[in-house]
Amino acid sequence: MPWLHILSFSVWLGANLFVLAMLWPASRSLPEAERVKAIRRNARGLNAVAATAAPLAVLSGLGGFLPGGTAAQLAAGSGYIFILTAKGVLTAVMALNHGLQAFRYHGSVDDPLDARNPWMRLLAANAVLGIVVLLLGLVLRRVAM
């Protein structure tokens with residue numbers, strides 16, 4: 001189950017980073033009409049990837065608490081519970097951010113070069129949160145050993 005968790009989370013975070021670091025800057029060289037079409041198409045693709053990878057990441061992460069999983073690490077005072085809670089809360093915030101991107105601010109994709117664009121801000125926040133969640137996962141593995 002851990003390989004599925006790592007793979008699905010990597011796809012979720014990687015899709016966000018790819019759009020933010022590669023596609024968005026590359027779209028700046030396109031004429032405005034083409035840029036809007038390209039960003040809309042890529043936003044739909046990001047939504048599809050996230051809608052598949054995010055639930056898999058969450059469910060496979062919860063799968064670690066099945067009998068024989070990491071539930072034995074839940075000893076009080078180990079720091080494991082605190083890190084696990086922080087990771088869970090930040091993952092929920094990532095899911096909320098992506099929900100806002102996909103359903104509330106999907107129309108603001110039309111102006112991706114505007115620095116106040118809420119869709120792009122949420123995408124950047126998700127990328128940062130994803131990196132923090134990834135690092136918390138690594139710390140969690142370290143604490144569990």
Side-chain angles (χ1 to χ4, degrees), residues 1-71 73-74 79-145:
M1 188 91 52
W3 65 268
L4 181 61
H5 183 65
I6 292 168
L7 178 66
S8 56
F9 185 77
S10 298
V11 168
W12 184 11
L13 178 59
N16 282 290
L17 290 173
F18 182 72
V19 170
L20 185 64
M22 301 290 284
L23 292 176
W24 183 46
S27 73
R28 292 179 182 201
S29 64
L30 296 172
E32 187 172 344
E34 289 180 40
R35 179 175 54 238
V36 170
K37 286 180 190 176
I39 292 293
R40 278 186 186 166
R41 185 174 54 249
N42 291 315
R44 282 192 304 271
L46 175 63
N47 289 339
V49 167
T52 304
L56 276 175
V58 171
L59 291 174
S60 60
L62 292 173
F65 293 100
L66 294 174
T70 58
Q73 301 299 326
L74 296 177
Y80 191 88
I81 295 172
F82 176 76
I83 296 167
L84 184 65
T85 302
K87 185 177 177 185
V89 167
L90 292 178
T91 300
V93 170
M94 283 180 70
L96 177 65
N97 272 358
H98 190 78
L100 288 170
Q101 273 182 284
F103 302 111
R104 171 69 172 94
Y105 294 112
H106 64 278
S108 66
V109 170
D110 292 349
D111 192 12
L113 300 182
D114 182 3
R116 297 165 297 166
N117 184 322
W119 194 90
M120 293 306 293
R121 284 183 171 188
L122 288 168
L123 180 64
N126 254 4
V128 170
L129 287 171
I131 292 168
V132 172
V133 167
L134 176 68
L135 293 174
L136 285 173
L138 294 174
V139 169
L140 207 56
R141 293 288 293 170
R142 186 81 164 151
V143 170
M145 291 181 164

Visitor: How far apart are the closest heavy atoms of Ser60 and Leu4, and which atoms are they?
Guide: OG-C, 3.9 Å
Visitor: What's the spacing between Leu136 CG and Ile83 CD1 if we round to 0.5 Å?
Guide: 7.0 Å
Visitor: Please report the closest heavy-atom contact between Leu13 and Gly130, naming both atoms and the distance.
Guide: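 That would be CD1-CA, 3.7 Å.
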Visitor: Sequence neighbours left out, what passes side chain to side chain contact (heavy atoms under 4.5 Å, CB included) with Ala38? Give chain and number order.
Guide: Leu30, Arg41, Asn42
Visitor: Does Ala102 have any side chain to side chain contact (heavy atoms under 4.5 Å, CB included) partners at least two apart in sequence or in another chain, and if so, which?
Guide: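 Partners of Ala102 by the side chain to side chain contact (heavy atoms under 4.5 Å, CB included) criterion, ordered by chain and then number, come out as Asn47, His98.
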Visitor: Under a 4.5 Å cut-off applied to non-hydrogen side-chain atoms, are Leu123 and Trp24 in contact?
Guide: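 Result no, sub-4.5 Å side-chain heavy-atom pair not found.
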Visitor: How far apart are the closest heavy atoms of Arg28 and Arg35, and which atoms are they?
Guide: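 For Arg28 and Arg35, the tightest heavy-atom pair comes out as O-NH1, 3.9 Å.
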Visitor: Fit a plane to each ring of Phe9 and Trp12, take the angle between them on a 0 to 90° scale, and name the class: parallel (under 30°), tilted (30 to 60°) or perpendicular (over 60°).
Guide: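 Phe9 and Trp12: perpendicular rings.
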Visitor: Minimum heavy-atom separation for Leu129 and Met94, please, with both atom names.
Guide: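 Scanning both residues completely, I find the closest heavy atoms to be CB-CG, 3.6 Å.
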Visitor: Which atom pair, heavy atoms only, marks the closest approach of Ala53 to Val11?
Guide: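 Taking every non-hydrogen atom into account, CB-CG1, 3.9 Å.
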Visitor: Atom CG in Leu56, atom NE2 in His5: separation rounded to 0.5 Å?
Guide: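 So the CG of Leu56 and the NE2 of His5 are separated by 11.0 Å.
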Visitor: Any side-chain heavy atom of Tyr105 within less than 4.5 Å of one from Arg121?
Guide: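 A side-chain contact under 4.5 Å is absent here.
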Visitor: Rounded to the nearest 0.5 Å, what separation is found between the OG1 atom of Thr91 and the CG atom of Leu96?
Guide: 12.5 Å
Visitor: As an exercise, state the distance from CG of Leu134 to CG of Leu90, rounded to the nearest 0.5 Å.
Guide: 12.0 Å
Visitor: When rounded to the nearest 0.5 angstrom, what distance separates CZ in Arg44 from CG in Leu46?
Guide: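 Output value for this atom pair is 12.0 Å.
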Visitor: Return the minimal non-hydrogen interatomic distance between Ser29 and Ala26, and the atom names on each side.
Guide: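 Smallest interatomic distance, heavy atoms only, reads OG-O, 3.0 Å.
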Visitor: Taking atom NZ of Lys37 and atom CD of Glu34, what is their separation to the nearest 0.5 Å?
Guide: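 Spacing of NZ (Lys37) from CD (Glu34) equals 7.5 Å.
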